[in-house]
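Each chain gets a letter, A, B and so on, in the order the sequences are listed, and its residues count up from 1. Only a predicted model underlies this, so the values are computations on that prediction, with no experimental measurement involved.
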Amino acid sequence: MPGSAASASEIVWTSWRSVPGMPAISAGTLAELLDGGQAFRWHRRPDGTWLGVWADCVARLSLGPEPMPQKNAGSRDAGDGIPRTLRWSAPRALSRRVERALPAYLACDADFGALADALPWRSDAHLARSLAAFPGLRILRQPFGETLLGFICSATKQIVQIKQMLALLAVRHGAEIAPGIHRLPTWAELALVSEDQLRGCLLGFRARHIHRAAAFLAARPGWLDETARLPYPTAKERLCALPGVGEKIADCALLFGAARLEAFPVDVWVLRALQNRYALDGWSPAQIARFGRAHFGPHAGLAQQFLFAFERRAKTQV
DNA sequence: CGTAAACCTGA
DNA sequence: CAGGTTTAC
(Lines give C-alpha, C1' and ligand atoms only; values in the text may rest on other atoms or scores of the structure.)
Protein backbone atom coordinates (compact mmCIF):
# COMPACT_ATOMS: atom_id res chain seq x y z
CA MET A 1 0.00 0.00 0.00
CA PRO A 2 1.17 3.53 -0.69
CA GLY A 3 0.94 6.23 1.92
CA SER A 4 3.59 6.06 4.56
CA ALA A 5 6.67 6.23 2.39
CA ALA A 6 6.47 9.90 1.50
CA SER A 7 5.70 11.15 4.98
CA ALA A 8 8.18 8.77 6.57
CA SER A 9 10.89 10.61 4.72
CA GLU A 10 10.21 13.61 6.96
CA ILE A 11 11.56 11.64 9.88
CA VAL A 12 14.91 12.71 11.20
CA TRP A 13 16.81 9.54 11.97
CA THR A 14 19.62 9.04 14.44
CA SER A 15 22.92 7.80 13.08
CA TRP A 16 23.48 4.05 12.90
CA ARG A 17 24.72 2.38 16.05
CA SER A 18 25.32 -1.27 16.85
CA VAL A 19 22.82 -3.14 18.99
CA PRO A 20 24.54 -3.93 22.27
CA GLY A 21 24.55 -7.59 23.20
CA MET A 22 23.28 -8.75 19.83
CA PRO A 23 25.42 -11.42 18.16
CA ALA A 24 26.38 -11.02 14.52
CA ILE A 25 23.71 -12.22 12.12
CA SER A 26 23.54 -12.90 8.40
CA ALA A 27 21.12 -11.24 5.99
CA GLY A 28 19.22 -14.47 5.50
CA THR A 29 18.73 -15.14 9.18
CA LEU A 30 17.79 -11.51 9.81
CA ALA A 31 15.10 -11.70 7.14
CA GLU A 32 13.74 -14.85 8.71
CA LEU A 33 13.81 -13.23 12.14
CA LEU A 34 11.95 -10.08 11.12
CA ASP A 35 9.74 -11.36 8.33
CA GLY A 36 9.46 -15.07 8.94
CA GLY A 37 6.17 -15.27 10.75
CA GLN A 38 7.09 -14.10 14.25
CA ALA A 39 6.41 -10.41 13.67
CA PHE A 40 4.27 -8.71 11.06
CA ARG A 41 5.31 -5.08 11.24
CA TRP A 42 8.78 -5.15 9.64
CA HIS A 43 9.22 -4.11 6.04
CA ARG A 44 12.30 -4.37 3.89
CA ARG A 45 13.04 -1.06 2.21
CA PRO A 46 14.54 -0.59 -1.23
CA ASP A 47 17.95 0.20 0.28
CA GLY A 48 17.99 -3.19 2.01
CA THR A 49 17.38 -1.87 5.52
CA TRP A 50 14.39 -2.94 7.62
CA LEU A 51 11.78 -0.61 9.09
CA GLY A 52 9.73 -1.89 11.97
CA VAL A 53 7.19 -0.80 14.56
CA TRP A 54 6.33 -2.34 17.92
CA ALA A 55 4.53 -0.75 20.88
CA ASP A 56 5.51 2.96 20.80
CA CYS A 57 8.76 2.20 19.03
CA VAL A 58 9.96 2.70 15.47
CA ALA A 59 13.36 1.49 14.32
CA ARG A 60 15.43 0.83 11.27
CA LEU A 61 17.79 -2.14 11.26
CA SER A 62 20.64 -2.88 8.92
CA LEU A 63 23.75 -4.99 8.77
CA GLY A 64 27.22 -3.55 9.06
CA PRO A 65 29.39 -3.77 5.95
CA GLU A 66 32.31 -5.47 7.64
CA PRO A 67 32.18 -9.18 8.39
CA MET A 68 32.80 -9.92 12.03
CA PRO A 69 36.09 -11.56 12.84
CA GLN A 70 34.89 -15.09 13.14
CA LYS A 71 35.88 -18.45 14.37
CA ASN A 72 33.28 -20.60 12.70
CA ALA A 73 34.28 -19.88 9.15
CA GLY A 74 32.70 -23.11 7.98
CA SER A 75 29.04 -22.46 8.61
CA ARG A 76 26.78 -21.69 5.69
CA ASP A 77 23.31 -20.27 5.91
CA ALA A 78 20.23 -19.29 3.98
CA GLY A 79 21.23 -15.94 2.50
CA ASP A 80 24.61 -14.70 1.49
CA GLY A 81 25.71 -16.24 4.69
CA ILE A 82 28.16 -13.92 6.33
CA PRO A 83 27.32 -12.86 9.90
CA ARG A 84 27.55 -9.10 10.35
CA THR A 85 26.93 -6.69 13.18
CA LEU A 86 23.35 -5.52 13.52
CA ARG A 87 22.88 -1.77 13.60
CA TRP A 88 19.89 0.35 14.48
CA SER A 89 18.62 3.85 13.96
CA ALA A 90 15.44 5.49 15.21
CA PRO A 91 13.52 8.72 14.77
CA ARG A 92 15.35 11.27 16.92
CA ALA A 93 12.26 11.93 18.99
CA LEU A 94 11.98 8.26 19.93
CA SER A 95 15.65 7.36 20.14
CA ARG A 96 15.86 7.24 23.94
CA ARG A 97 12.92 4.86 24.13
CA VAL A 98 14.09 2.66 21.26
CA GLU A 99 17.60 2.46 22.64
CA ARG A 100 16.17 0.97 25.82
CA ALA A 101 13.52 -1.21 24.22
CA LEU A 102 15.34 -2.70 21.24
CA PRO A 103 17.70 -5.04 23.11
CA ALA A 104 14.73 -6.38 25.05
CA TYR A 105 12.69 -6.80 21.86
CA LEU A 106 15.53 -8.74 20.26
CA ALA A 107 16.06 -10.69 23.51
CA CYS A 108 19.72 -9.76 23.51
CA ASP A 109 20.19 -10.95 27.08
CA ALA A 110 19.36 -14.51 26.07
CA ASP A 111 22.06 -16.84 24.75
CA PHE A 112 20.28 -18.48 21.86
CA GLY A 113 23.45 -20.19 20.77
CA ALA A 114 23.47 -22.09 24.05
CA LEU A 115 19.72 -22.71 23.88
CA ALA A 116 20.02 -24.11 20.36
CA ASP A 117 22.99 -26.21 21.38
CA ALA A 118 20.87 -27.75 24.12
CA LEU A 119 18.38 -29.02 21.51
CA PRO A 120 18.77 -32.67 20.52
CA TRP A 121 20.50 -31.94 17.20
CA ARG A 122 23.22 -34.46 17.86
CA SER A 123 20.75 -37.27 17.49
CA ASP A 124 18.45 -35.53 14.98
CA ALA A 125 19.95 -34.93 11.56
CA HIS A 126 17.04 -32.88 10.26
CA LEU A 127 17.15 -30.55 13.26
CA ALA A 128 20.91 -30.22 12.82
CA ARG A 129 20.40 -29.27 9.17
CA SER A 130 17.75 -26.70 10.09
CA LEU A 131 19.95 -25.13 12.76
CA ALA A 132 22.82 -24.91 10.30
CA ALA A 133 20.62 -23.26 7.66
CA PHE A 134 19.68 -20.32 9.90
CA PRO A 135 22.54 -19.79 12.33
CA GLY A 136 21.70 -17.16 14.92
CA LEU A 137 17.94 -17.38 14.48
CA ARG A 138 16.21 -16.35 17.71
CA ILE A 139 12.82 -15.78 19.26
CA LEU A 140 11.68 -12.17 19.57
CA ARG A 141 10.13 -10.74 22.71
CA GLN A 142 7.29 -8.72 21.33
CA PRO A 143 4.64 -6.89 23.34
CA PHE A 144 2.18 -9.53 24.46
CA GLY A 145 -1.05 -7.76 23.51
CA GLU A 146 -0.10 -6.93 19.96
CA THR A 147 1.42 -10.36 19.43
CA LEU A 148 -1.94 -11.83 20.36
CA LEU A 149 -3.70 -9.44 18.00
CA GLY A 150 -1.40 -10.32 15.15
CA PHE A 151 -1.95 -14.02 15.54
CA ILE A 152 -5.72 -13.74 15.82
CA CYS A 153 -5.44 -12.08 12.42
CA SER A 154 -3.23 -14.88 11.14
CA ALA A 155 -5.91 -17.56 10.80
CA THR A 156 -5.71 -19.01 7.27
CA LYS A 157 -3.71 -16.04 6.09
CA GLN A 158 -0.26 -15.71 4.68
CA ILE A 159 2.32 -13.33 6.08
CA VAL A 160 1.82 -10.68 3.40
CA GLN A 161 -1.90 -10.56 4.07
CA ILE A 162 -1.49 -10.46 7.85
CA LYS A 163 0.90 -7.53 7.45
CA GLN A 164 -1.68 -5.80 5.29
CA MET A 165 -4.43 -6.20 7.90
CA LEU A 166 -2.22 -4.94 10.72
CA ALA A 167 -1.05 -1.98 8.64
CA LEU A 168 -4.67 -0.98 8.10
CA LEU A 169 -5.53 -1.45 11.76
CA ALA A 170 -2.58 0.72 12.73
CA VAL A 171 -3.16 3.54 10.28
CA ARG A 172 -6.89 3.73 10.98
CA HIS A 173 -7.08 2.99 14.67
CA GLY A 174 -3.60 3.41 16.14
CA ALA A 175 -1.86 6.58 17.29
CA GLU A 176 0.71 8.23 15.03
CA ILE A 177 4.05 7.88 16.82
CA ALA A 178 6.30 9.34 14.11
CA PRO A 179 5.45 11.23 10.92
CA GLY A 180 3.43 8.78 8.81
CA ILE A 181 3.97 5.87 11.18
CA HIS A 182 1.24 4.52 13.43
CA ARG A 183 1.39 2.09 16.31
CA LEU A 184 -1.14 -0.73 16.55
CA PRO A 185 -4.26 0.07 18.54
CA THR A 186 -4.22 -1.28 22.08
CA TRP A 187 -6.93 -3.75 23.10
CA ALA A 188 -8.58 -0.91 25.03
CA GLU A 189 -8.67 1.14 21.83
CA LEU A 190 -9.93 -1.82 19.83
CA ALA A 191 -12.85 -2.18 22.24
CA LEU A 192 -14.11 1.18 20.94
CA VAL A 193 -13.98 0.12 17.29
CA SER A 194 -17.12 -1.35 15.73
CA GLU A 195 -17.06 -4.76 14.12
CA ASP A 196 -17.90 -3.15 10.78
CA GLN A 197 -14.92 -0.83 11.04
CA LEU A 198 -12.78 -3.85 11.76
CA ARG A 199 -14.20 -5.60 8.72
CA GLY A 200 -13.16 -2.51 6.80
CA CYS A 201 -9.57 -3.39 7.66
CA LEU A 202 -9.97 -6.59 5.59
CA LEU A 203 -10.19 -8.78 8.66
CA GLY A 204 -13.12 -10.82 7.37
CA PHE A 205 -14.52 -13.25 9.92
CA ARG A 206 -11.59 -12.38 12.19
CA ALA A 207 -13.29 -9.03 12.80
CA ARG A 208 -15.89 -10.72 14.96
CA HIS A 209 -13.23 -12.55 16.95
CA ILE A 210 -11.26 -9.36 17.57
CA HIS A 211 -14.35 -7.38 18.44
CA ARG A 212 -15.47 -9.94 21.00
CA ALA A 213 -11.96 -10.46 22.37
CA ALA A 214 -11.60 -6.70 22.83
CA ALA A 215 -14.89 -6.55 24.73
CA PHE A 216 -13.80 -9.46 26.90
CA LEU A 217 -10.46 -7.82 27.70
CA ALA A 218 -11.98 -4.38 28.25
CA ALA A 219 -14.17 -5.90 30.96
CA ARG A 220 -11.12 -7.42 32.64
CA PRO A 221 -8.34 -4.88 33.23
CA GLY A 222 -5.02 -6.57 33.92
CA TRP A 223 -6.21 -9.93 32.61
CA LEU A 224 -3.76 -9.99 29.72
CA ASP A 225 -0.74 -8.93 31.78
CA GLU A 226 -1.60 -11.47 34.46
CA THR A 227 -1.91 -14.13 31.81
CA ALA A 228 1.55 -13.34 30.48
CA ARG A 229 2.99 -13.98 33.93
CA LEU A 230 1.16 -17.22 34.70
CA PRO A 231 2.83 -20.62 34.34
CA TYR A 232 2.71 -21.78 30.74
CA PRO A 233 -0.10 -24.37 30.99
CA THR A 234 -2.39 -21.99 32.88
CA ALA A 235 -1.58 -19.06 30.62
CA LYS A 236 -2.36 -21.12 27.55
CA GLU A 237 -5.60 -22.37 29.00
CA ARG A 238 -6.69 -18.82 29.75
CA LEU A 239 -5.79 -17.55 26.29
CA CYS A 240 -7.81 -20.31 24.67
CA ALA A 241 -10.87 -18.86 26.39
CA LEU A 242 -10.66 -15.85 24.07
CA PRO A 243 -12.74 -15.90 20.92
CA GLY A 244 -10.62 -16.72 17.90
CA VAL A 245 -7.86 -18.21 20.01
CA GLY A 246 -7.15 -21.92 19.88
CA GLU A 247 -4.05 -23.86 20.84
CA LYS A 248 -1.96 -22.72 17.93
CA ILE A 249 -2.57 -19.01 18.38
CA ALA A 250 -2.20 -19.22 22.16
CA ASP A 251 1.18 -20.90 21.66
CA CYS A 252 2.28 -18.27 19.15
CA ALA A 253 1.34 -15.43 21.51
CA LEU A 254 3.18 -17.08 24.40
CA LEU A 255 6.25 -17.97 22.36
CA PHE A 256 6.74 -14.71 20.48
CA GLY A 257 5.12 -12.35 22.99
CA ALA A 258 5.96 -13.80 26.39
CA ALA A 259 9.26 -15.65 25.87
CA ARG A 260 7.76 -19.04 26.70
CA LEU A 261 10.15 -21.25 24.81
CA GLU A 262 8.24 -24.36 25.81
CA ALA A 263 5.28 -23.22 23.70
CA PHE A 264 5.22 -25.36 20.55
CA PRO A 265 2.75 -23.97 17.99
CA VAL A 266 1.77 -26.50 15.34
CA ASP A 267 0.71 -24.84 12.10
CA VAL A 268 0.49 -26.56 8.75
CA TRP A 269 4.18 -25.96 8.06
CA VAL A 270 5.35 -27.57 11.26
CA LEU A 271 2.72 -30.27 10.80
CA ARG A 272 4.04 -31.08 7.33
CA ALA A 273 7.66 -30.78 8.48
CA LEU A 274 7.22 -33.31 11.26
CA GLN A 275 5.01 -35.62 9.23
CA ASN A 276 7.45 -35.72 6.33
CA ARG A 277 10.83 -35.46 8.00
CA TYR A 278 10.10 -37.66 10.99
CA ALA A 279 7.97 -40.26 9.24
CA LEU A 280 4.81 -39.37 11.13
CA ASP A 281 2.35 -39.49 8.24
CA GLY A 282 -1.24 -39.24 9.27
CA TRP A 283 -0.52 -37.90 12.73
CA SER A 284 -2.94 -35.20 13.88
CA PRO A 285 -1.80 -31.74 14.98
CA ALA A 286 -2.41 -32.72 18.61
CA GLN A 287 -0.28 -35.84 18.22
CA ILE A 288 2.44 -33.89 16.44
CA ALA A 289 2.41 -31.33 19.26
CA ARG A 290 2.86 -34.04 21.86
CA PHE A 291 5.68 -35.59 19.84
CA GLY A 292 7.39 -32.22 19.42
CA ARG A 293 7.33 -31.35 23.10
CA ALA A 294 8.65 -34.77 24.05
CA HIS A 295 11.30 -34.92 21.34
CA PHE A 296 12.63 -31.35 21.45
CA GLY A 297 12.32 -30.74 25.19
CA PRO A 298 11.88 -27.58 27.26
CA HIS A 299 12.84 -25.23 24.40
CA ALA A 300 10.72 -26.94 21.80
CA GLY A 301 9.46 -23.57 20.60
CA LEU A 302 12.95 -22.61 19.47
CA ALA A 303 13.33 -25.88 17.59
CA GLN A 304 9.95 -25.21 15.99
CA GLN A 305 11.20 -21.89 14.62
CA PHE A 306 14.16 -23.53 12.88
CA LEU A 307 12.04 -26.32 11.41
CA PHE A 308 9.47 -23.79 10.28
CA ALA A 309 12.09 -21.61 8.60
CA PHE A 310 13.68 -24.59 6.90
CA GLU A 311 10.37 -25.90 5.59
CA ARG A 312 9.28 -22.55 4.27
CA ARG A 313 12.55 -22.07 2.43
CA ALA A 314 12.39 -25.59 1.05
CA LYS A 315 9.02 -24.77 -0.46
CA THR A 316 9.98 -21.45 -2.03
CA GLN A 317 13.34 -22.62 -3.32
CA VAL A 318 12.89 -26.20 -4.38
C1' DC B 1 -13.92 -37.47 21.04
C1' DG B 2 -12.23 -37.21 16.02
C1' DT B 3 -13.61 -35.18 11.37
C1' DA B 4 -16.17 -31.76 8.45
C1' DA B 5 -17.99 -27.41 6.92
C1' DA B 6 -18.38 -22.45 7.55
C1' DC B 7 -16.20 -18.15 8.07
C1' DC B 8 -13.94 -13.46 4.54
C1' DT B 9 -10.71 -11.99 1.19
C1' DG B 10 -7.52 -12.20 -2.41
C1' DA B 11 -2.59 -13.98 -3.97
C1' DC C 1 -6.95 -23.14 -1.91
C1' DA C 2 -4.59 -20.43 2.23
C1' DG C 3 0.53 -20.76 8.32
C1' DG C 4 -7.00 -21.52 12.02
C1' DT C 5 -10.98 -21.65 15.11
C1' DT C 6 -15.55 -22.78 15.93
C1' DT C 7 -19.62 -25.23 15.67
C1' DA C 8 -21.97 -29.12 14.17
C1' DC C 9 -22.20 -34.04 13.18
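The side-chain ring of F205(A) is stacked on the base of dC7(B), judged by centre separation under 5.5 angstrom and plane angle under 30 degrees.
Contacts between residues 232-258 of chain A and DNA chain C, defined by a heavy-atom separation below 4.0 Å, involve L242(A), G244(A), V245(A), G246(A), E247(A), K248(A), I249(A), listed by number.
For the side-chain contact (heavy atoms from CB on, under 4.5 Å) test, no residue two or more places apart in sequence or in another chain qualifies with A167(A).
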Can you check nucleotides 9-11 of chain B for protein contacts, nitrogen or oxygen pairs under 3.5 Å, and list what you find?
{"from": "dT9(B)", "atom 1": "O2", "to": "K157(A)", "atom 2": "NZ", "distance (Å)": "2.7"}

Below 3.5 Å, can you tabulate the donor-acceptor pairs from side chains in residues 183-192 of chain A to any protein atom, sequence neighbours excluded?
{"from": "R183(A)", "atom 1": "NH1", "to": "D56(A)", "atom 2": "OD1", "distance (Å)": "2.7"}
{"from": "R183(A)", "atom 1": "NH1", "to": "D56(A)", "atom 2": "OD2", "distance (Å)": "3.3"}
{"from": "T186(A)", "atom 1": "OG1", "to": "A188(A)", "atom 2": "N", "distance (Å)": "3.4"}
{"from": "T186(A)", "atom 1": "OG1", "to": "E189(A)", "atom 2": "N", "distance (Å)": "3.0"}
{"from": "W187(A)", "atom 1": "NE1", "to": "G145(A)", "atom 2": "O", "distance (Å)": "3.0"}
{"from": "E189(A)", "atom 1": "OE1", "to": "T186(A)", "atom 2": "N", "distance (Å)": "2.8"}

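Cluster annotation: L230(A) and L255(A) are assigned to distinct hydrophobic clusters (Ile/Leu/Val/Met/Phe/Trp/Tyr, side-chain heavy-atom contacts under 4.5 Å, transitive).
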Self-check item: Intermediate values then yes/no, side-chain contact (heavy atoms from CB on, under 4.5 Å), D47(A) and S62(A)
Solution: CA-CA 10 Å; D47(A) 62 3; S62(A) 74; over 6 Å; no
Exercise. Please test R129(A) against D124(A) for salt bridge (charged side-chain N to carboxylate O under 4.0 Å, His left out), starting from the C-alpha separation and ending with a verdict.
Key: CA-CA 9 Å; R129(A) 176 166 65 153; D124(A) 179 339; over 6 Å; no
Exercise. For the pair R238(A) and E226(A), evaluate salt bridge (charged side-chain N to carboxylate O under 4.0 Å, His left out) and give the outcome as yes or no after the intermediate values.
Key: CA-CA 10 Å; R238(A) 275 178 64 152; E226(A) 282 170 35; 3.7 Å; yes
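Using the six-membered ring where Trp is involved, F151(A) and F256(A) have ring planes that are parallel, under 30° apart on the 30 and 60° scheme.
Note that the CG atom of L149(A) and the CZ atom of R206(A) stand 12.5 Å from one another [nearest 0.5 Å]. Here the straight-line distance linking atom NE2 of H126(A) with atom CD of E311(A) works out to 5.5 Å at 0.5 Å rounding.
Rounded to an integer number of Å, the gap from CZ of R208(A) to C1' of dC7(B) is 10 Å.
Side-chain atoms of Q38(A) do not come within 3.5 Å of backbone N or O of Q142(A) as any donor-acceptor pair. In this structure, Q161(A) contributes its side chain and Q158(A) its backbone to a donor-acceptor pair below 3.5 Å. Here the side chain of R138(A) pairs a donor or acceptor atom with the backbone of A107(A) at under 3.5 angstrom.
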Quiz prompt | Paired and unpaired positions of DNA chain C as dot-bracket, Watson-Crick or G-U wobble under 3.5 Å, | denoting a partner strand | solution = ||.||||||
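For DNA chain C, the contact window with chain A, defined by any atom under 4.0 Å from a protein heavy atom, covers dA2(C) to dT6(C) in 5' to 3' order.
Contact of the W88(A) side chain with the L86(A) side chain is not registered, since no non-hydrogen atoms from C-beta on lie closer than 4.5 Å.
Nearest-nucleotide mapping onto DNA chain C: of R212(A) and G36(A), the residue sitting toward the 5' end is G36(A).
Nucleic acid contact for F308(A): base, since at least one base atom lies under 4.0 Å from a heavy atom of the residue.
Of the P atoms belonging to dG10(B) and dT5(C), the separation is 22 Å, rounded to the nearest Å.
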